J.: 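Dumping the structure here so I can ask a few things about it.
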Protein chains: 2
Amino acid sequence: MNIGEIAKRAGVSRSTVSYALTGRRPVSPETKQRIQAVIDELGYRPNAAARALKEGRTRTIGLVIPPASTRLTDMQLGFVASVVDAAARADLDVLLSPSGGEHDRSFERVVTGQRVDGVIVMEIRLEDDRVARLMASGLPFVGIGRTRDPQGMSWVDIDYETLIARCVHHLADLGHRDVALVNRSAELVAAGYGPGHRARAGFDRAVAERGLRGVAVCCADDAQAGQACTESLLAEHPELTAIATVNEAAAAGVYHALARTGREVPRDFSIVGVAARHWAENLHPPLTAADVPAVELGAQAVDLLLGRIADPAAPHRHLLVAPPISLRATTGPARR
Amino acid sequence: MNIGEIAKRAGVSRSTVSYALTGRRPVSPETKQRIQAVIDELGYRPNAAARALKEGRTRTIGLVIPPASTRLTDMQLGFVASVVDAAARADLDVLLSPSGGEHDRSFERVVTGQRVDGVIVMEIRLEDDRVARLMASGLPFVGIGRTRDPQGMSWVDIDYETLIARCVHHLADLGHRDVALVNRSAELVAAGYGPGHRARAGFDRAVAERGLRGVAVCCADDAQAGQACTESLLAEHPELTAIATVNEAAAAGVYHALARTGREVPRDFSIVGVAARHWAENLHPPLTAADVPAVELGAQAVDLLLGRIADPAAPHRHLLVAPPISLRATTGPARR
DNA sequence: TTGTAGGCGTTATCAC
DNA sequence: GTGATAACGCCTACAA
């Protein structure tokens, strides 16, 4: 089923069918109607590949996600969902590329095969060769996250450094003097994962500013690791009275470790973090946390990308968000 | 950058470059090498749209997921991740279509625009018009889930009916006489969502077979709903000593409701369910549950789809899995 | 208001 | 072993 077939049945030329469809040239009401009737009858839709070939654009964007082996966090999933939704609203399709490793065929296909008009990259490292590849390719792209030196790119990101510093200040205001940071996994941090490094920097800065004693640990992204990690943390540092965390997946385990070691939250111990609102609210007790606006960030990333596709020469834009801490039920005055 | 440019610089014809690339015709080692050198230098990759137009296939599959508004469960995410991974292994790209509503433009584009070689559809209803549209279109497709009468389609699914029946038998074996089913949301069940209906059927059957007293309730897919739902359930039916559930997202709430009403698990109360292993293990205490092999199911769905693409006339195949219940820490003898 | 024709980049059928 | 050339289905000057 192609445009020629429609044209034949409607008794017009192919170009008339095309113009009737795109509206880029006036077509008389009668012929338009006749064409539409045939189209409806046969259920014709233009071939996307032919259109892409002719127009030089695909009406598709790429979304580069971490490979499935690294289980996505709730927050990352929020990004994926919001990007897909925002793209659908703009009548764009989304091509998924699970890429993380070195020579990733999926990534190469998406980036260099002219399969997409632009790309959104998640989980960016401080030094990220996917970003380097994209910059070299000239393909419009937007990061959810940013490199160490993000001058030459457009991005949206969460200001983990500020947020964790705020968390520490909040704890200090409540009288806590011995606080810990439960960071993302050691592998991630070792690989130069931005949020891990920036959270650490914000923690160190705020601890110094307030003259606290701080200890930072890495923790894998799941509840079991969160529990193990917190238990050993408490064993080595029994003086701790509060934890700040950017590791939402580990939070439930932190809770359990505290319960198992006889600490009641928030009476004996405070926890504050950065997490998706949905996640924070579903914990018991609900976690006092800076609520990451994943939906908004995803939509903004799509917006930025559309801008870059429309005008690749325009100056780069970015968005760094630091949502306020929502007080819920896990922080209180330090117990003496 | 196109194949003609490569041909020119390598001093050969376009067809020779094409054949050097695809290997569908012998090319002398020297010319092949010369061509490869030029390709590497210029970073050339074939244009996907042109190739798709010529070959009549896109090397892309569509994945129809629920729209982002309906937050995906951990299990659904497992399916998405495993499908994407399995597709990447087969050098296929995945086009995401968040479709649920009536006239979904994204769905129409994917299905009728020849954008994909085949489609995997998730979250199938007993009566599902997306399935009807796909059958009418002739596009190869595979369901993760199945309709009421899935004769004419290929699918993989979880045998919720058998699994929930097994859960009930397990509880009955432990001496429980008053058991409840915490099902998926009322909206989902009202919309004819298969797992909800089949879980209910399995529950009713097993309750009857064992001469138990059973009560079934629907519950929205989150921990807060799980807690509210369980609390009212226990208030109305204080005689209950066990719950079976297919609602993994609500499970944490069920736990909290039991704790708040002074019931200790598994001493006073048993819980057994169907859930992703990762989810069951991350609960405290770990949930005794049939572990849904999401990774395997996603990979199988891709396999089935590849088969259908290769031979659309082949008989339909399907896979119904009923994984065994993994005994963890949430079921025990009924307390008298 | 409508028709004709060329070309987007690729693969594949002929020739040589 | 290699080259010319005709499609694939669409859009869009250019003509009428």
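So that the names make sense, note that chain A is the first sequence line, chain B the second, and so on, each numbered from 1. These numbers come from the heavy atoms of this one structure, side chains and all, not from hydrogens, waters or symmetry mates. Quantities reported herein were computed from a predicted structural model and do not represent experimental measurements.
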J.: Classify A/Ser18 by what it touches in the nucleic acid, base, sugar-phosphate, or nothing, heavy-atom distance under 4.0 Å.
T.: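 The answer is base, as A/Ser18 lies within the cut-off (heavy atoms under 4.0 Å) of a base atom.
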
J.: Does D/dT2 have OP1 or OP2 under 4.0 Å away from a side-chain N or O of B/Ser28?
T.: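 Affirmative; the distance criterion is met.
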
J.: What is the separation between atom NZ on A/Lys54 and atom P on C/dA5, rounded to the nearest whole Å?
T.: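 After rounding, the reported distance stands at 16 Å.
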
J.: For a quick test of reading the model: is some side-chain N or O of B/Tyr44 closer than 4.0 Å to OP1 or OP2 of C/dT10?
T.: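 True: B/Tyr44 side-chain N/O within range (under 4.0 Å) of C/dT10 OP1/OP2.
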
J.: Roughly, in whole Å, what's the span from CZ in B/Arg14 to C1' in D/dG3?
T.: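 Checked: the CZ to C1' distance equals 10 Å.
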
J.: Kindly determine whether B/Glu30 and B/Arg34 satisfy salt bridge (Lys or Arg N to Asp or Glu O under 4.0 Å), including the steps that lead there.
T.: CA-CA 6 Å; B/Glu30 307 90 71; B/Arg34 206 163 65 246; over 6 Å; no

J.: Output the rounded distance in Å from CG (A/Asn47) to P (D/dC8).
T.: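 To the nearest whole Å, that distance equals 12 Å.
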
J.: Tell me whether the side-chain N/O atoms of A/Asn2 come closer than 4.0 Å to OP1 or OP2 in D/dG9.
T.: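 Yes, such a contact exists.
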
J.: Side-chain N or O of A/Thr22 versus OP1/OP2 of D/dC11: is the shortest distance under 4.0 Å?
T.: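 Looking at the OP1 and OP2 atoms of D/dC11, neither is under 4.0 Å from any side-chain N or O of A/Thr22.
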
J.: Between A/Glu55 (CD) and D/dT12 (C1'), how many Å, whole number?
T.: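 Value for this atom pair: 10 Å.
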
J.: Would you please confirm or rule out a distance under 4.0 Å between OP1 or OP2 of D/dG3 and any side-chain N or O of B/Ser15?
T.: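 No, because none of the side-chain N or O atoms of B/Ser15 sits under 4.0 Å from OP1 or OP2 of D/dG3.
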
J.: Is a donor-acceptor pair below 3.5 Å formed from side chain A/Arg25 to base C/dG3, judging by atom type as modelled?
T.: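 Yes.
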
J.: Could you tell me whether the phosphate oxygens of D/dG3, OP1 or OP2, come under 4.0 Å of any side-chain nitrogen or oxygen in B/Thr16?
T.: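 Looking at the OP1 and OP2 atoms of D/dG3, one of them is under 4.0 Å from a side-chain N or O of B/Thr16.
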
J.: Just to be sure I understand the rule, does B/Gly11 reach a base, reach only the sugar-phosphate, or reach nothing, if contact means heavy atoms closer than 4.0 Å?
T.: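 The answer is sugar-phosphate, as B/Gly11 gets under 4.0 Å only of primed atoms, P, OP1 or OP2.
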
J.: Take a 6.0 Å sphere around CD of A/Glu55 and say whether it holds more than 12 heavy atoms from other residues, nucleotides or ligands.
T.: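 Yes - once you tally the heavy atoms of other residues, nucleotides and ligands closer than 6.0 Å, there are more than 12.
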
